[in-house]
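Everything on this sheet refers to the single structure shown next.
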Amino acid sequence: MKSIELSRRELMIATGGFAIMSLEWPSLSLSQEPDPLGKDLIFRTTDPRNAEPELAKLVQSWITPVKHFYVRSHAPNPDIDVNQYALTVEGCVRSPLTLTLSDLGRLPRHSVTATLTCAGNRRAEFNQEGKVGGVQWESGAIGNARWSGIALADVLKQAGVLEHAKHVWFEGLDKIQRKDEVIPFGGSIPIEKAMVPGDLPGALLADQMNGQPLTPDHGFPLRTVVPGYIGARSVKWLGKIVVSDKPSPNHYLATAYKIVKQTGAIDWAESGPIYRYPINGAIATPDSNATIPAGQLDVSGYVLPTGRLGTKVQRIQISTDQGATWKAAQTFGQTSEFCWQLWRGRVNVTPQTKALYLRASDTSGGFMPARVPWNAKGYLQNSWYRLPIRVS
Ligand code: MTE
């Protein structure tokens, strides 16, 4: 039996309306049916689909298999007829374009391995200080995949970017119900990032993930992948690109995905959109529910260095005494630009050991701090990772 989270609607049906009485979000334990879209994930919500893998499965390989790759969607997967599909490119360009998949197929192909991570990864940890809304992610809203497709820079070159262009907007084909309007998911990136060409492009228009066509969960038939930026900038089910002198007015850039103490108009206006992700990491094994024998303990996990070109993981350390002393962990497996690094270590634990801690630093000066100030949307939680354990 595994615990799954039900959508609000399913919960209302399952509880005959009882859920509405409860201020806490109840989580029901049911035997889990296989996911119809083939995912092996823990569903935080099923409608829309928001799910993350068990951590032990997540770190089994450097490339994350699609079935273990987290899903973060704000609305149901849109139904897209590939025969009707076209990507439009407009705004500050000399020649607006309407590109079918076969038009895109005539441009040079590139493959990039890059880690995608949600800005809300580890959000649930903020609740110890004060409740945060949104999907209650633990530390599995991250994955590393081989993405293939067309460099955004090549498409923009074909459209001919005008001199006053400063931002490139992306718009998805999904339909998100927000209060009394329906909007697509969207956002933008600075033109300097968008125009980086070549084998490590600033942004990729990806049609493949790990050598296979994108699945509906991950943006079929086309999505952006923006290496180094939070996952929200990698827009799935891409329908439109707009080149502009301003950042996107879409809610998910203009308002959401900002670090604010309160969700008032002044706070939103005063803070800028998050683009690049900071260093982060987690301990994936052992399982915090297991009872561990005293003695030597093998520990493993991931660290993702700051999303800045040229940045590498510098130091990964584990503590068994709340950060009083630290022991180095070793990296293993592949290392690549904009990718996570898997690591393992061995520490000594006794019945007095109540938790393991992880901290890490990188060559951009990024480090996981002891504490991250609380923010209302629960973004960028990258403090020392704490794994409670029971030692017999
Ligand atoms: N694109 C669209 N169109 N709709 C979405 O809801 N979610 C974003 C981004 N792109 C989203 C989207 C967020 S917040 C993240 S973290 C990533 O997609 C997640 O990508 P994945 O589901 O492929 O892991």
Side-chain angles (χ1 to χ4, degrees), residues 38-42 51-72 110-118 121-122 137-149 199-201 204 206 208-215 217-219 223 225-231 234 276-287 298-318 328-346 358-364 366 368 382 385 387:
K39 289 290 197 177
D40 177 13
L41 298 174
I42 303 161
E52 62 184 309
E54 283 170 30
L55 288 183
K57 292 180 181 169
L58 179 62
V59 297
Q60 273 168 357
S61 56
W62 186 68
I63 294 282
T64 312
V66 173
K67 68 175 176 186
H68 292 150
F69 204 102
Y70 81 102
V71 178
R72 200 306 176 227
H110 298 276
S111 290
V112 178
T113 307
T115 296
L116 205 65
T117 186
C118 188
N121 193 29
R122 300 182 55 192
W137 296 117
E138 295 188 0
S139 43
I142 185 167
N144 191 50
R146 182 92 176 142
W147 308 97
S148 309
D199 276 340
L200 191 52
L204 191 71
Q208 287 194 350
M209 179 179 185
N210 296 346
Q212 297 296 322
L214 291 175
T215 60
D217 278 332
H218 295 292
R223 74 175 302 166
V225 172
V226 186
Y229 281 14
I230 58 165
S234 292
R276 186 190 299 144
Y277 52 71
I279 186 172
N280 207 347
I283 300 172
T285 67
D287 183 337
D298 288 328
V299 186
S300 75
Y302 69 80
V303 167
L304 175 66
T306 307
R308 181 201 296 267
L309 190 69
T311 306
K312 292 191 167 51
V313 172
Q314 198 165 41
R315 220 189 297 171
I316 301 175
Q317 296 173 315
I318 309 294
Q330 284 72 47
T331 61
F332 71 94
Q334 279 170 265
T335 302
S336 186
E337 205 65 73
F338 300 122
C339 288
W340 69 3
Q341 180 75 64
L342 299 182
W343 59 265
R344 55 184 160 228
R346 185 168 283 177
L358 163 74
R359 71 177 184 185
S361 62
D362 66 38
T363 55
S364 273
M368 294 169 68
N382 72 339
Y385 187 87
L387 180 81

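Here the closest non-hydrogen pair linking Cys118 and Tyr70 is N-OH, 3.3 Å. The shortest non-hydrogen separation linking Gln330 to Gly345 is OE1-CA, 4.4 Å. The nearest pair of heavy atoms linking Arg223 to Leu116 is NH2-CD2, 3.6 Å. Looking at every heavy atom in both residues, Ala206 comes nearest to Val225 through CB-CG2, 4.0 Å. Here the closest heavy-atom approach between residue Pro53 and residue Gly140 is recorded as CD-O, 3.2 Å. Residue Ile279 comes nearest to Thr306 through the heavy atom pair N-OG1, 3.6 Å, listed as atom of the first residue, atom of the second, then distance.
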Practice task
Start with the C-alpha distance between Thr113 and Ile63, add both sets of side-chain angles, then the distance that settles side-chain contact (heavy atoms from CB on, under 4.5 Å), and finish with yes or no.
Solution key: CA-CA 8 Å; Thr113 307; Ile63 294 282; 3.7 Å; yes
Exercise for the section: Evaluate the criterion salt bridge (charged side-chain N to carboxylate O under 4.0 Å, His left out) for residue pair Asp40 and Lys57; output intermediate values, then yes/no. Expected result: CA-CA 9 Å; Asp40 177 13; Lys57 292 180 181 169; 2.9 Å; yes
Exercise for the section: Give the intermediate values and the outcome of side-chain contact (heavy atoms from CB on, under 4.5 Å) for residues Thr115 and Ile142. Expected result: CA-CA 7 Å; Thr115 296; Ile142 185 167; 3.6 Å; yes
Problem - Worked check of side chain to side chain donor-acceptor pair (under 3.5 Å) between Gln341 and Thr335 - result: CA-CA 6 Å; Gln341 180 75 64; Thr335 302; 2.7 Å; yes
Exercise for the section: Evaluate side-chain contact (heavy atoms from CB on, under 4.5 Å) for Thr64 paired with Leu58, printing each intermediate quantity in order. Expected result: CA-CA 7 Å; Thr64 312; Leu58 179 62; 4.1 Å; yes
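Exactly one residue among Trp343, Tyr385, Trp340 makes a ring-ring contact (aromatic ring centres under 6.0 Å, His included) with Tyr302. That residue is Trp340. None of Thr311, Leu309, Val226 except one satisfies the side-chain contact (heavy atoms from CB on, under 4.5 Å) rule with Phe338; the exception is Leu309.
Rounding to the nearest 0.5 angstrom, the gap separating the CZ atom in Arg315 from the OG atom in Ser361 is 5.0 Å. Leu387 CG to Ile283 CD1: the interatomic distance, rounded to the nearest 0.5 Å, is 5.5 Å. Here the straight-line distance linking atom CD1 of Ile316 with atom CE of Met368 works out to 9.5 Å at 0.5 Å rounding. Rounding to the nearest 0.5 Å gives a distance of 8.5 Å between OG of Ser61 and NE2 of His68. Between Ser139 atom OG and Asn121 atom CG the span is 6.0 Å, to the nearest 0.5 Å. Atom CG of Asn144 and atom CG of Leu342 lie 8.0 Å apart (nearest 0.5 Å).
Looking at Asn382 and Arg122, their side chains never bring a donor and an acceptor atom within 3.5 Å of each other.
At distances below 3.5 Å, not a single donor-acceptor pair connects side-chain atoms of Thr285 with backbone N or O atoms of Ala56. No donor-acceptor distance shorter than 3.5 angstrom exists from the side chain of Ser111 to the backbone of Arg146, with no hydrogens or angles considered. Put simply, the side chain of Asp362 never gets that close to the backbone of Pro305: no donor and acceptor are under 3.5 Å apart. Formation of a donor-acceptor pair under 3.5 Å by the Glu52 side chain with backbone atoms of Glu138 is found in this model. Judged by distance alone, the side chain of Asp199 and the main-chain N or O of Val112 form no donor-acceptor pair under 3.5 Å. Looking at Gln208, its side chain never comes within 3.5 Å of a backbone N or O of Gly149 through a donor-acceptor pair. Side chain of Lys39 to main chain of Val71: no donor-acceptor pair is present (N/O by atom type, distance under 3.5 Å, no hydrogens or angles).
Ion pairing of Arg346 with Asp298 is present here, as a side-chain N (NZ or NE/NH1/NH2) and a carboxylate O approach within less than 4.0 Å.
Judged as a side chain to side chain donor-acceptor pair (under 3.5 Å), and not counting sequence neighbours, Arg344 has no contacts. Annotation: ring-ring contact (aromatic ring centres under 6.0 Å, His included) contacts of Phe69 (sequence neighbours excluded): Trp147, His218.
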